[in-house]
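The structure's right below; bear with me while I get my questions together.
Nothing here was measured: the structure is a model prediction, and the numbers come from that model. In what follows, every chain begins at residue 1, and chains take the letters A, B, ... in the order their sequences are listed.
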2 protein chains.
Amino acid sequence: MKVSSKGEYALRALICLGGMHSKLISIEKISEKTLVPVHYLEQILLQLKRNGYVQSKRGVNGGYKLGKNPKEIIIGDVIRNLEGPLAPMGCVSITSYESCPLEEGCLLKPLWALVRDKIAELLDNTTLYDLIERKI
Amino acid sequence: MKVSSKGEYALRALICLGGMHSKLISIEKISEKTLVPVHYLEQILLQLKRNGYVQSKRGVNGGYKLGKNPKEIIIGDVIRNLEGPLAPMGCVSITSYESCPLEEGCLLKPLWALVRDKIAELLDNTTLYDLIERKI
DNA sequence: TAGAAACTTGATTAGATTAGTCAACAATTT
DNA sequence: AAATTGTTGACTAATCTAATCAAGTTTCTA
């Protein structure tokens, strides 16, 4: 039931950027603060950029900043974008359902559905703002 | 946030055994019913045996059966035994805590702790009996 | 002796991480 | 104003690790 390191790292980076008030900060600096390996962080920021969560500027004094208001960045969405559905099994995923040969009559499906509901309810009602302001 | 296939497969096997009323059933039969690859299932059953969840009998007409009453088999424990802690991150795991260099001041920890609580509350209050009798 | 589980080992695959190169930009130099 | 240089992000490939799956061998029991 682990969150992948990719998701954890992405959130660390967003939190870091959220505390910079739109001032640019370089990948290297983010890496120092978040303890995420530089090259891996690079890939993650790229992915966050494609999804509009961050913006970048190249060249001297370039770097990254948030691309959205922290109140508009929903943690559940970030996780989904970076590491796939929140649901513990594809057969109960709403955002990216996968059929399963057992399916009907599967006694586990209702349980996984409950797990998904609990996780989604939590992460879809938490924003980056909530984390930064320690509302949670 | 996935459950590993190991955990899913183990639960499928236990559900299958739970419906046999202590009659022995071979790995191959279990594999047919649960669609779990035979050789992988073998390893999983071995692990379940070490933890007392199942019993085996060798030789002709041998096979597996449950080692405990379905009401005593807690889903959360099965998952923990097979794929490790329920917590999404080691830093919030109660059963197998791992320290993290960020730790104090980490804004994510409280969130992960909530996730852990929700998952654990659900899976630790569900037994194999509940699944088999469709109480959930 | 035949059928079945137990066990060992290796192959395959996917995820995580690291390494290295290329392209853009801004300040500096000429 | 043009060329140069250093800083930075963008991108690709290789390495490492763990999960998953497969095959074969051994041991036990009717």
- Are the side chain of A:Glu98 and the backbone N or O of A:Cys91 linked by a donor-acceptor pair below 3.5 Å?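 Not a single qualifying donor-acceptor pair exists.
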- B:Tyr97: what forms a ring-ring contact (aromatic ring centres under 6.0 Å, His included) with it, not counting sequence neighbours?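 With sequence neighbours excluded, B:Tyr97 shows a ring-ring contact (aromatic ring centres under 6.0 Å, His included) to no residue whatsoever.
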- So, for B:Pro85 and A:Lys2, which heavy atoms are closest and what is the spacing to 0.1 Å?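 Nearest heavy atoms, B:Pro85 then A:Lys2: CG-NZ, 3.4 Å.
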- Query: Of all the nucleotides listed (D:dT20, C:dT18, C:dA5), which has the minimum atom distance to the side chain of B:Ser5?
  - Reply: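 For B:Ser5, the side-chain atoms sit closest to D:dT20.
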- Message: Would B:Glu8 and A:Met89 count as a side-chain contact (heavy atoms from CB on, under 4.5 Å) here? Give the steps.
- Response: CA-CA 9 Å; B:Glu8 159 86 11; A:Met89 294 289 297; 3.6 Å; yes
- B:Glu28 atom CD, neighbour heavy-atom count above 12 within 6.0 Å: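 Open.
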- Message: Any residue in residues 23-39 of chain B with a heavy atom nearer than 4.0 angstrom to DNA chain D? Just list them by number, or reply none.
- Response: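 Contacts with DNA chain D under 4.0 Å: B:Pro37, B:His39.
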- What is the minimum heavy-atom distance between B:Gly76 and B:Asp124, and which atoms define it?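 Heavy atoms only, the tightest pair is CA-OD1, 3.5 Å.
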- Among the candidates D:dC21, C:dC7, C:dT18, find the nucleotide nearest to the side-chain atoms of A:Tyr40.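 Among D:dC21, C:dC7, C:dT18, the one nearest the side chain of A:Tyr40 is C:dT18.
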- Does NZ or CZ of A:Lys68 lie under 6.0 Å from the centre of the six-membered ring of A:Tyr53, at an angle within 45° of the ring axis?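 Yes - A:Lys68 lies over the ring of A:Tyr53, closer than 6.0 Å to its centre and within 45° of its axis.
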- Describe the nucleic acid contact of A:Lys6 in one word from base, sugar-phosphate, nothing, applying a heavy-atom distance below 4.0 Å.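 It contacts nothing in the nucleic acid.
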- Message: On a heavy-atom basis, which atom in B:Leu24 and which in B:Gly63 lie closest, and how many Å separate them?
- Response: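 Nearest pair, atom of B:Leu24 first, then B:Gly63: CD2-O, 3.5 Å.
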- Contact nearer the 5' end of DNA chain D, comparing A:Gly63 with B:Ser4: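 Result: A:Gly63.
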- Task: Determine the contact category for A:Lys49: base if any of its heavy atoms lies under 4.0 Å from a base atom, sugar-phosphate if only primed atoms, P, OP1 or OP2 are that close, otherwise nothing.
- Result: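 Counting heavy atoms under 4.0 Å across all strands, the contact made by A:Lys49 is with sugar-phosphate only.
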- Can you check each nucleotide of nucleotides 25-30 of chain D against protein heavy atoms at under 4.0 Å and return B for base, S for sugar-phosphate only, - for none, in 5' to 3' order? --BSSS
